[in-house]
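Every chain is numbered from 1, with letters handed out A, B, ... down the list of sequences. Nothing here was measured: the structure is a model prediction, and the numbers come from that model.
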Number of protein chains: 2
Amino acid sequence: MIFSTELLKGTLKTIVLKMLSDTDRMYGYEITQRVKELTGDKIQITEGALYPTLHALEKDGLVTTQIEYLGKRQRKYYLISKAGKGAAKERVNEFTEFAQTIATLLDIKTNMA
Amino acid sequence: MIFSTELLKGTLKTIVLKMLSDTDRMYGYEITQRVKELTGDKIQITEGALYPTLHALEKDGLVTTQIEYLGKRQRKYYLISKAGKGAAKERVNEFTEFAQTIATLLDIKTNMA
DNA sequence: TACTATGCATTGATTTCTTATGTATATTTG
DNA sequence: CAAATATACATAAGAAATCAATGCATAGTA
């Protein structure tokens, strides 16, 4: 991860909710790989951070799960719920506003939509 | 603070270094008020977060301090060091890149400079 | 005189994430 | 075919950053 990990804090749930909002369903390992791919290896989600987050989202009713098997190997799919979709939108909006606010503070020229 | 506080994590040092880079010197309370003012009350730095941060910056040689008195009231000024200026620039650049990366992930249209 | 603002600071608890570890199957490569 | 790597789940101990609360003290205001 090229970013000082501090910055990443607080964005993980937002990222996961957004990923799941844009697809039918995803499994944990798939999320880590997709994020890595989409960010050109800049963001690497660790499993120790991801799984507790997924479990928390499930507990809060923002995602549901389906377990399937490929041969003997287990795979646990996560699906966004209706509440989860709402939460995803809220969080994306919040991040957008947050980034703009910080950018202003830091004198970064921005035109974020 | 309107932002879920999670997001703020990791940006505090960057904000403080930038504030100090843009001024001769500032004291703690002044920083909290200035950030509040510049963000339209959206970001409120708490003292429990600020002072440990300032002390850490001092310990790392990124800021120096001057104590003055207004009558009997103590005021502790923080000044950016040369190393601090460099760190500020690095961190601002890092935040910019980070925000762009996340924005891409979240499908936020952005044109950040 | 009481409340609010200014100004420093610490402490305990909480949240979030990292690093390390554990278990197991599947695939690729020398 | 053995060893290494990739896939796939997960937990646990600890670190790091922040919050909420508290404490002390002076200054100004209602």
Participant: Take atom CG of A:Leu70 and atom P of C:dT25, then tell me their distance rounded to the nearest Å.
Facilitator: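 That distance rounds to 14 Å.
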Participant: For residues B:Leu50 and A:Ile102: do they belong to one hydrophobic cluster (side chain heavy atoms under 4.5 Å, members Ile, Leu, Val, Met, Phe, Trp, Tyr)?
Facilitator: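 In one cluster with B:Leu50: A:Ile102, yes.
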Participant: For C:dC8, take OP1 and OP2 only and decide whether either is under 4.0 Å from a side-chain N or O of B:His55.
Facilitator: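 Answer is no, no contact under 4.0 Å.
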Participant: Could you write out each protein N or O paired with an N or O of nucleotides 22-25 of chain D at a distance under 3.5 Å?
Facilitator:
none

Participant: What nucleotide, of D:dT18, D:dA10, D:dA8, holds the atom closest to the side chain of A:Arg75?
Facilitator: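 Nucleotide nearest to A:Arg75's side chain: D:dA8.
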Participant: Enumerate the residue pairs fulfilling ring pair (Phe, Tyr, Trp, His ring centres under 6.0 Å) with a member in residues 62-84 of chain B, sequence neighbours excluded, ordered by first and then second residue.
Facilitator: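 Qualifying pairs: B:Tyr27-B:Tyr77.
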Participant: Quick check on D:dA10: is either OP1 or OP2 less than 4.0 Å from any side-chain nitrogen or oxygen of A:Lys76?
Facilitator: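 Checking D:dA10 against A:Lys76, a side-chain N or O does come within under 4.0 Å of OP1 or OP2.
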Participant: Using atom CD of B:Glu58 as one end and atom C1' of C:dC8 as the other, report the distance to the nearest whole Å.
Facilitator: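 My rounded result for the distance is 13 Å.
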Participant: Residues in salt bridge (charged side-chain N to carboxylate O under 4.0 Å, His left out) with A:Lys76, at least two apart?
Facilitator: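 If we apply the salt bridge (charged side-chain N to carboxylate O under 4.0 Å, His left out) test to A:Lys76, skipping adjacent residues, there are no hits.
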Participant: To the nearest Å, how far apart are A:Leu50 CG and D:dT7 C1'?
Facilitator: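 That distance rounds to 14 Å.
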Participant: Using the side chain to side chain contact (heavy atoms under 4.5 Å, CB included) rule, take A:Ile45 and A:Leu12 through it: C-alpha gap first, then chi angles, then the decisive distance, then the call.
Facilitator: CA-CA 8 Å; A:Ile45 296 179; A:Leu12 183 55; 3.6 Å; yes
Participant: A:Thr14: which residues meet the side chain to side chain contact (heavy atoms under 4.5 Å, CB included) condition with it, sequence neighbours left out?
Facilitator: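 With neighbours one apart ignored, the set is A:Arg91, A:Val92, B:Leu106.
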Participant: In this structure, how many angstroms lie between the P atom of C:dC17 and the CD1 atom of A:Ile43, rounded?
Facilitator: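 In whole Å, C:dC17 P and A:Ile43 CD1 are 12 Å from each other.
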Participant: Consider the side chain of A:Ala49, meaning its heavy atoms from C-beta on, and name the nucleotide among C:dC17, C:dA9, D:dT18 that approaches it most closely.
Facilitator: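 For the A:Ala49 side chain, the nearest candidate turns out to be C:dC17.
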Participant: Applying side chain to side chain contact (heavy atoms under 4.5 Å, CB included), name anything that partners B:Thr39, two or more places apart in sequence or on another chain.
Facilitator: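 Listed in chain order: A:Thr101, A:Leu105, B:Val35, B:Lys42, B:Ile43.
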Participant: List the atom pairs, donor and acceptor, that lie under 3.5 Å between side-chain atoms in residues 60-67 of chain B and the rest of the protein, sequence neighbours left out.
Facilitator:
| unit_1 | atom_1 | unit_2 | atom_2 | d |
| --- | --- | --- | --- | --- |
| B:Thr65 | OG1 | B:Glu58 | OE2 | 3.1 |
| B:Gln66 | OE1 | B:Arg25 | NH1 | 2.8 |

Participant: Calculate the interatomic distance between B:Ile45 atom CD1 and C:dA9 atom P; express it in whole Å.
Facilitator: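 The answer, rounded to whole Å, is 15 Å.
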Participant: Who are the side chain to side chain contact (heavy atoms under 4.5 Å, CB included) partners of B:Asn93, not counting sequence neighbours?
Facilitator: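 For B:Asn93, no residue satisfies side chain to side chain contact (heavy atoms under 4.5 Å, CB included) once neighbours in sequence are set aside.
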Participant: Of all residues at least two apart in sequence or in a different chain, which pass the side chain to side chain contact (heavy atoms under 4.5 Å, CB included) check with B:Glu47?
Facilitator: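 With sequence neighbours excluded, B:Glu47 shows a side chain to side chain contact (heavy atoms under 4.5 Å, CB included) to B:Tyr51, given in chain and number order.
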Participant: For the pair made of NZ in B:Lys59 and C1' in D:dA17, what is the distance, rounded to whole Å?
Facilitator: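 So the two atoms are 14 Å apart, to the nearest Å.
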Participant: Any side-chain N or O of A:Tyr51 under 4.0 Å from OP1/OP2 of D:dT11?
Facilitator: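 For D:dT11, OP1/OP2 do not have a side-chain N/O of A:Tyr51 under 4.0 Å.
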Participant: Among residues 16-29 of chain B, which ones have heavy-atom contacts with DNA chain C below 4.0 Å?
Facilitator: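 Those residues are B:Tyr27, B:Gly28, B:Tyr29.
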Participant: Would you check, one step at a time, whether the test side chain to side chain contact (heavy atoms under 4.5 Å, CB included) holds for B:Glu37 with B:Arg34?
Facilitator: CA-CA 5 Å; B:Glu37 180 197 331; B:Arg34 185 107 186 88; 3.3 Å; yes
Participant: B:Leu54 CG to C:dA9 P: how many Å, rounded?
Facilitator: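 In whole Å, C:dA9 P lies 8 Å from B:Leu54 CG.
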Participant: Less than 4.0 angstrom between a side-chain N/O of B:Thr46 and OP1 or OP2 of D:dC19, yes or no?
Facilitator: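 Yes.
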Participant: Nearest nucleotide by nearest heavy atom, which residue falls closer to the 5' end of DNA chain C, B:Gln74 or A:Gly48?
Facilitator: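 Here B:Gln74 is the residue nearer the 5' end.
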Participant: Could you tell me the separation between the CD atom of B:Gln33 and the P atom of C:dT4, rounded to a whole number of Å?
Facilitator: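 Whole-Å distance recorded here is 16 Å.
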